[in-house]
Undergrad: 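Supplied in structure tokens, the structure appears directly below.
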Amino acid sequence: MALMTLGMFAFDLPTLAYGELQRRSSWRHPTNDRVGARAAGQFVGPGEDAITLSGSQAPGLIGDPDSLPELRRMADSGEAWPLIDGMGRNYGAYVITSLDETYRKIIDNGAPRIIDFTLTLARMEDADAAEQAGGPADAGG
């Protein structure tokens with residue numbers, strides 16, 4: 001079983017395994033200034049939810065050399081993909097917002113022996129959840 005899947009892309013040793021997952025979630029509490037008192041705040045719902053996956057690939061040894069280009073194609077599509085971990089937990093629909101690559105241990109022909117990567121994902125509003133909340137189906141988060 002894969003460590004994680006983003007759509008049909010499986011993060012695993014044969015493709016692209018990550019070594020670290022970082023998740024940052026926020027909640028929205030806007031405030032309004034009041035004369036002679038502290039600002040009044042109100043909880044209005046969840047905010048951004050971002051996941052960062054980072055790891056390394058060793059072309060020719062560990063990982064598929066087509067994996068990073070495949071993630072770039074997925075990002076170019078602009079689509080939100082379901083993110084599901086190896087235990088079956090569905091995190092929701094995520095888009096790829098950035099992909100950083102660092103090439104190390106360059107050999108004489110210019111090829112890297114190691115590629116470090118950082119993939120950043122942002123959660124988008126699920127169309128079904130938007131409809132249930134009374135919003136348009138294509139709210140997009």
Side-chain angles (χ1 to χ4, degrees), residues 1-35 37-141:
M1 171 151 291
L3 298 173
M4 175 101 48
T5 60
L6 180 63
M8 295 302 290
F9 186 90
F11 291 91
D12 208 344
L13 286 177
T15 56
L16 189 67
Y18 62 91
E20 184 174 282
L21 181 150
Q22 180 181 25
R23 185 175 187 184
R24 180 178 177 89
S25 302
S26 64
W27 293 264
R28 298 175 298 140
H29 295 269
T31 59
N32 289 313
D33 289 337
R34 298 186 301 174
V35 176
R38 293 180 194 264
Q42 180 181 5
F43 175 68
V44 296
E48 294 183 21
D49 193 359
I51 291 181
T52 302
L53 302 173
S54 58
S56 298
Q57 181 183 55
L61 297 174
I62 299 172
D64 184 345
D66 293 329
S67 294
L68 291 169
E70 175 61 22
L71 287 172
R72 287 187 180 284
R73 284 189 289 277
M74 290 172 68
D76 287 344
S77 77
E79 289 186 47
W81 307 91
L83 184 66
I84 302 170
D85 70 16
M87 295 179 287
R89 182 178 16 201
N90 185 342
Y91 288 80
Y94 282 78
V95 295
I96 298 172
T97 58
S98 68
L99 175 59
D100 297 320
E101 299 173 36
T102 302
Y103 292 69
R104 298 188 295 127
K105 308 288 185 187
I106 308 299
I107 57 177
D108 59 359
N109 68 357
R113 288 186 174 252
I114 299 172
I115 301 172
D116 296 320
F117 69 91
T118 302
L119 179 70
T120 305
L121 309 170
R123 186 167 183 181
M124 294 289 117
E125 183 67 42
D126 181 34
D128 293 336
E131 284 179 2
Q132 291 173 3
D138 61 349

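Quick caveat, the model's predicted, so the values are computed rather than measured.
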Undergrad: Using every non-hydrogen atom in the two residues, find where Gly78 and Val95 come nearest and quote the distance to one decimal.
TA: O-CG1, 4.0 Å
Undergrad: Can you check whether Leu16 reaches Phe9 side chain to side chain, under 4.5 Å on heavy atoms?
TA: yes
Undergrad: Compare every heavy atom of Ile96 with every heavy atom of Met74, then report the nearest pair and how far apart it is.
TA: CB-CD1, 3.9 Å
Undergrad: Does the side chain of Asp116 come under 3.5 Å of the side chain of Ser56 through a donor N or O and an acceptor N or O?
TA: yes
Undergrad: How far does CG of Leu3 sit from CG of Leu13, to the nearest 0.5 angstrom?
TA: 7.0 Å
Undergrad: Should Phe117 and Leu71 count as side-chain neighbours, where that means a heavy-atom distance under 4.5 Å?
TA: no
Undergrad: Can you tell me how far OH of Tyr91 sits from CZ of Arg23, rounded to the nearest 0.5 angstrom?
TA: 6.5 Å
Undergrad: Please round to the nearest 0.5 Å and tell me the distance separating atom CE of Met124 and atom CD of Glu79.
TA: 13.0 Å
Undergrad: Counting only heavy atoms from other residues, nucleotides and ligands, does the tally under 6.0 Å from CZ of Arg38 exceed 12?
TA: no
Undergrad: Can you find a heavy atom in the side chain of Tyr94 that is under 4.5 Å from one in the side chain of Asp49?
TA: yes
Undergrad: CD1/Ile114 to OG1/Thr102 distance, rounded to the nearest 0.5 angstrom?
TA: 11.5 Å
Undergrad: When you measure from the side chain of Thr15 to the backbone N and O of Ala10, does any donor-acceptor pair fall under 3.5 Å?
TA: yes
Undergrad: Just by distance, do the side chain of Ser26 and the backbone of Glu48 share a donor-acceptor pair under 3.5 Å?
TA: yes
Undergrad: Please check if atom CZ in Arg24 has more than 12 non-hydrogen atoms from other residues, nucleotides or ligands closer than 6.0 Å.
TA: no
Undergrad: Just how far is it from atom CZ of Arg89 to atom CG of Leu83, taken to the nearest 0.5 Å?
TA: 10.0 Å
Undergrad: For the residue pair Phe11 and Tyr18, does the interplanar ring angle fall in the parallel (under 30°), tilted (30 to 60°) or perpendicular (over 60°) class?
TA: perpendicular
Undergrad: Does anything in residues 65-75 form a side chain to side chain donor-acceptor pair (under 3.5 Å)? List the pairs, not counting sequence neighbours.
TA: Glu70-Arg73, Arg72-Glu101
Undergrad: How long is the span from the CG atom in Leu53 to the CD atom in Gln22, to the nearest 0.5 Å?
TA: 10.5 Å
Undergrad: Please name the pair of heavy atoms, one in Gln57 and one in Asp64, separated by the smallest distance, quoted to 0.1 Å.
TA: NE2-O, 2.7 Å
